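Please read the structure below before turning to the comments.
Note: hydrogens, waters and symmetry copies are ignored here, and every other heavy atom, side chains too, is used. Keep in mind it's a predicted model, so treat the numbers as computed, not measured.
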Amino acid sequence: MKRKNVIVLLTVLMITISLLSSFGACTTNGLQEGDFKLVITSVEVKGNRVIVEVEFKNISWHNGWIYTGGEASKPSTMIQFYSTDEIENPDSAYTNHEVTHWIKCKQVVKASHEFQLAKGTYTITVYADFACNDEANHFRFMETTTVEVK
């Protein structure tokens, strides 16, 4: 091939790769609150055992570092679980932001927790609390469900 043809071919190839990567790949343009969703996927009561399963989803094409609690090697530990009766208030609990996790675009973090509860009605609260965008933004996602232990 002539040198001119090779240069044109390489230029077209680089432009094509650049366009495809900007449309179909993750970006680090900053995480936003609307990028995430916390969902309780399952609640199972077996006697005095209550098993709760949760998914924390990055539903966007953004990725980045988040600053939260838990263990650095386990992103699922950023999700906190609480059970309360009518007297206790779980909303006073906040996460210490000492751990960083890389959250990828379209990533789903799954977590589960088992409670041993006496008979009664309980509110199960699940939350993910973190800072992102070099700690410029703080987001807190919370879901609750009520269970009865018989």
Legend entry - Rounded distance (nearest 0.5 Å) linking atom CE of Met142 with atom CG of Leu38: 9.5 Å

Inset, instruction - May I ask you to test the Val126-His113 pair for a side-chain heavy-atom distance under 4.5 Å? - result: no

Legend entry - Side chain proximity check, Trp65 to Cys132, heavy atoms < 4.5 angstrom: no

Legend entry - Close side-chain approach of Val109 to Ile79, heavy-atom, < 4.5 Å: yes

Legend entry - Heavy-atom side-chain proximity of Val99 to Tyr67 below 4.5 angstrom: no

Legend entry - Ring-face cation contact, Phe115 with Arg49, 6.0 Å cut, 45° max: no

Legend entry - Closest non-hydrogen atom pair between Cys105 and Ser60, with its separation: CB-O, 3.4 Å

Inset, instruction - For a side chain to side chain contact (heavy atoms under 4.5 Å, CB included) with Val43, tell me which candidate from Val54, Ile124, Thr145 qualifies. - result: Thr145

Inset, instruction - Identify the two heavy atoms, one from Met78 and one from Ala128, that lie closest to each other, and give their separation to 0.1 Å. - result: CE-CB, 3.9 Å

Legend entry - Any Phe141 side-chain heavy atom under 4.5 Å of Phe36 side chain: yes

Legend entry - Any side-chain heavy-atom pair of Val39 and Glu143 under 4.5 Å: no

Inset, instruction - Check whether any side-chain heavy atom of Ile66 sits under 4.5 Å from a side-chain heavy atom of Thr100, and report yes or no. - result: no

Legend entry - Interatomic spacing from CD in Gln107 to CD1 in Ile59 - rounded to 0.5 Å: 13.5 Å

Inset, instruction - Flag the pair Glu148 and Lys150 as a salt bridge only when some basic side-chain nitrogen lies within less than 4.0 angstrom of an acidic carboxylate oxygen. - result: no

Inset, instruction - State, with a plain yes or no, whether a side-chain heavy atom of Trp102 is found less than 4.5 Å away from one of Asn63. - result: yes

